[in-house]
Amino acid sequence: MKRLIVTTIFLIIATVLVTVLYFKNLSPPGVRTGQVMHAIPDNAVAVFEFNNEKGFYEIFAGNQLLNAFVGHEKLQELDTLRKILITNPPLSQFFNGQNMFISLHPANNDDVNLLVTVSASKNFSPALFNNLNSSSKNALQVSPMQIAGSPGFNIFLKTIDKHFYIIQRGDNIFSGSFSKDLIDHSAIYQQDKGHNNFVPLPEQQNSNSLANLYINYNQLNPLFDQLFSNKTTDIFKSFRLLPAYAALNLNYKSDALMFNGFTTKQNNATSYLNIFSAQQPVENHLKDIFPATTAYSTSFAVSDSKKFEADLSQWHEKAGVSKEKNELLNKIKSEAGLFIKPEFEKLLGNEFAIVTTRYFEKFAIISVKDGSRLFPLMMNISNMVTDKVGQFNYEKLPFFLLGDAFSVFRKPYFMIIDNYLILSTSVSELESYSDTYFNRKFIGKTDQYTQFDNLLAERSNVAFFINFKNMQPVLKRDLKKPFYDAFENNNPGWKNYYGAAFQLTASDKNFYTNFCMRLNAPDTSAVKN
């Protein structure tokens, strides 16, 4: 009996040791993902994480994906930094294999800045930076300096004629940037305890990922304010107003950046998109009738339209507009003798979208169960311009029937084609869409879109799409000049991408998330001699 007890105790101890060693290997010392991320200032819009090892750089060597995404100039700066500084013999052994984090921050001028944050392995001493002057073959010059009262280094990279500033954040964590303002901000930044702007992926998932992308949705509006001269732009407005964080894995493809993971909402936050997290995933079909000239679109899909309308009413109440809504509905009841909200809800389908074209046309496309039954209801609340087209007599009705994304249609014109209700701001735009519909001029009929769409999830509840070629006139009008000049002139640059899509699919009251950007397909129409 005693022997059995001793044997059992021995087995338990052995099991504990094996378990500890196993998880120790899963989370190797020095990586410390969460600890490093806490050092990144909370005004970061996004953080790109990858492992600083030779294989990662070899995968993307000569590939246009990151070059076009980051921009040739900034990528060249980062690559020069890696070759001259990170792989410098006195430093390489301490940074090789460590996870690197490149975060994107809005700047005070017409630019966006990058911050590089990384931890060094054990036994690293910041004094080693001083030794680079003698080992760099005059490629750089290092000078110690005080940065916002903290010890740091000013590293002058001669090949690109730029200064790179480095500070130590404690525990052998270092942050560096080409922007002095950003490094000053980083030096004084202290994260509130218990507050996480970015939630690191689990170590097992992290170790199996080529790279990760973290997004702070709360900082999208400040970024848009930085990029756009038009402060009222509706581009992806609902997306920008979602209080949430995303943690996504990179799935490598030679011609596309593809990330997937989860978007986690902030607790008790009031957001229009939160309504869709309570639905079930829906197969997307409405995109099949978007115009070929589509510049950007926002699509919504609901599995239960009754629940959607009930949740929308709660959202109106939380947003403080229930009184205004009830006054409008009572006015329609009094003047038109119509209970428009319950009647509309009975006929609402499970998809609706807003589409903006390269010609600045804007359409709402709403699937309905029976267009012939909806038409007389719309006639009762509208002034009919023709036998098929009318204008709503009441302002903000689309906002109260479908939610915040439809607030751009204050007193729209409408028409019904088959089982689709189409809204726009002018009769000519409706005529344009009618021509698109009956002559089948859909973006879904083009080869480039078909190739792009094959990379996307078939089901989602919210989807954002942008076509960069069609988007160019919109960006020329709305972007600040330095950013538009970069879009137009950088080669490679974002115009080398065909399109981008961001899909949110309801999952356990949050969103499973897909993000995809695909390069333009090679032109195969040229005649070969």
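Numbers here are sequence positions counted from 1.
Side-chain polar atoms of His105 and Asn113 form no donor-acceptor pair below 3.5 angstrom. In summary, the side chains of Gln451 and Arg518 do present a donor paired with an acceptor at a separation below 3.5 Å, with no hydrogens or angles considered. For the residue pair Tyr394 / Glu335, a side-chain donor-acceptor distance below 3.5 Å is found, with atom types taken as modelled. Between the side chains of Glu429 and Thr425, at least one donor N or O lies within less than 3.5 Å of an accepting N or O. Side-chain contact check for Asp418 and Tyr437: at least one donor-acceptor pair (N or O, by modelled atom type) lies under 3.5 Å. For Ser460 and Asn284, the side-chain atoms include at least one donor-acceptor pair closer than 3.5 Å. In this model, no donor atom of one side chain and acceptor atom of the other lie less than 3.5 Å apart for Ser382 and Asn380. A donor and an acceptor atom, one from each side chain of Tyr296 and Asp234, are located under 3.5 Å apart. At a cut-off of 3.5 Å, with distance as the only test, no side-chain donor of Tyr433 or Glu361 sits close to an acceptor on the other residue. A side-chain donor from one of Asn99 and Glu49 sits under 3.5 Å from a side-chain acceptor of the other. Ser209 and Asn212 are linked by a side-chain donor-acceptor pair at a separation below 3.5 angstrom, with hydrogens and angles left out of the test. Side-chain atoms of Asn510 and Asp508 form no donor-acceptor pair, as typed in the model, at a separation below 3.5 Å.
In the displayed structure, Lys307 atom NZ is contacted under 6.0 Å by at most 12 heavy atoms of other residues, nucleotides or ligands. The neighbour count for Lys480 NZ, taken as heavy atoms of other residues, nucleotides or ligands under 6.0 Å away, is above 12.
For Asp288 and Lys445, the salt-bridge test fails: no basic side-chain N is under 4.0 Å from an acidic carboxylate O. With salt bridges taken as basic N to acidic carboxylate O contacts below 4.0 Å, one links Lys346 and Glu343.
Asn520 places none of its side-chain heavy atoms less than 4.5 Å from the side chain of Asp255. By the 4.5 Å heavy-atom criterion applied to side chains, Ser303 and Pro281 are not counted as neighbours.
Between Phe363 and Phe290, the ring center distance fails the sub-6.0 Å criterion. Checked against the 6.0 Å centroid criterion, the rings of Trp494 and Phe468 qualify as a close aromatic pair. A centroid separation of less than 6.0 Å is found between the aromatic rings of Phe262 and Tyr512.
The two residues Ser175 and Thr117 come nearest to each other via the heavy atoms OG-OG1, 3.3 Å. Of all the heavy atoms in Thr33 and Tyr214, the pair that sits closest is CG2-OH, 4.5 Å. Closest approach of Ala44 to Asn216, counting heavy atoms only: O-CB, 3.5 Å. Across Ala506 and Ser277, no two heavy atoms sit closer than the pair CB-O, 3.6 Å.
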Going by atom type alone, with no hydrogens or angles, which donor-acceptor pairs under 3.5 Å involve a side-chain atom of residues 496-505 and a protein atom two or more places apart or on another chain?
residue	atom	partner	partner atom	Å
Asn496	OD1	Gly493	N	2.6
Asn496	ND2	Asn491	OD1	3.4
Tyr497	OH	Leu65	O	2.5
Tyr498	OH	Asn467	ND2	3.3
Gln503	OE1	Ala457	N	3.0
Gln503	NE2	Ala457	O	3.0
Thr505	OG1	Arg459	O	3.2

Derivation of the side-chain hydrogen bond (donor to acceptor under 3.5 Å, both in side chains) call for Glu351 and Ser367: CA-CA 6 Å; Glu351 288 187 87; Ser367 67; 5.6 Å; no
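Only one option out of Lys325, Lys331, Arg410, Lys411 pairs with Glu395 in a salt bridge (charged side-chain N to carboxylate O under 4.0 Å, His left out); it is Arg410. A side chain to side chain contact (heavy atoms under 4.5 Å, CB included) with Lys362 is found for one member of Val408, Thr357, Val355 and no other, namely Val408.
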